[in-house]
Amino acid sequence: MRLCKPLQINLLDREEIDVSQTMYSETILMFACRKIESVALKLLDRTDIDVNHVGGDGSTALINACVNKMGRVALRLLDRPVINVNQVN
């Protein structure tokens, strides 16, 4: 995994990478908010990221970040004016 992390971050710099695609009803941001804080933070640098996508279980990136104790990610999400803070899963 150590060798892949720089590759993951560098790929996210490419604008042609579609970060809105879903797999199993989760966006890459939602997944990153459960597993990889550095990727979640990098994704939040982008303007084309959907911060309010609701997964099949009712969770969002914000819910995932809070559940997984990613405080920096949660605060960055809360900085977004469009963030939906009322979603319940």
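The CD1 atom of I36 lies 14.5 Å from the NZ atom of K42; values are rounded to the nearest 0.5 Å. Atom CG of N52 and atom CD1 of I83 lie 4.5 Å apart (nearest 0.5 Å). With rounding to the nearest 0.5 angstrom, the NE2 atom of H53 is 8.0 Å from the CD atom of E26. Note that OG1 of T27 and CG of L43 are 8.0 Å apart. Values are rounded to the nearest 0.5 Å.
Under the 4.5 Å side-chain heavy-atom criterion for ILVMFWY residues, no single connected hydrophobic cluster contains both V54 and F31. Tracing side-chain contacts under 4.5 Å through hydrophobic residues (I, L, V, M, F, W, Y), one reaches V85 starting from I49; they form part of the same cluster. Hydrophobic clustering keeps V88 apart from V82 (ILVMFWY residues linked when any side-chain heavy atoms are closer than 4.5 Å, directly or through intermediates).
The shortest non-hydrogen separation linking A40 to L29 is O-CD1, 4.0 Å. Considering every non-hydrogen atom in both D18 and S20, the closest pair reads OD1-OG, 2.5 Å. A pairwise comparison of heavy atoms in C33 and L77 identifies SG-CD1, 4.4 Å as the closest pair.
For the pair N84/T60, no side-chain contact is recorded, criterion being any heavy-atom separation below 4.5 Å from C-beta on. R80 places a side-chain heavy atom less than 4.5 Å from the side chain of L44. Considering only heavy atoms from C-beta on, S59 comes within 4.5 Å of N89 through its side chain.
A donor-acceptor pair under 3.5 Å is formed between the side chain of S25 and the backbone N or O of G56.
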Distance-only donor-acceptor pairs under 3.5 Å for side chains of residues 62-73, two or more places apart:
{"from": "N64", "atom 1": "ND2", "to": "M30", "atom 2": "O", "distance (Å)": "3.0"}
{"from": "N68", "atom 1": "ND2", "to": "N64", "atom 2": "O", "distance (Å)": "2.8"}

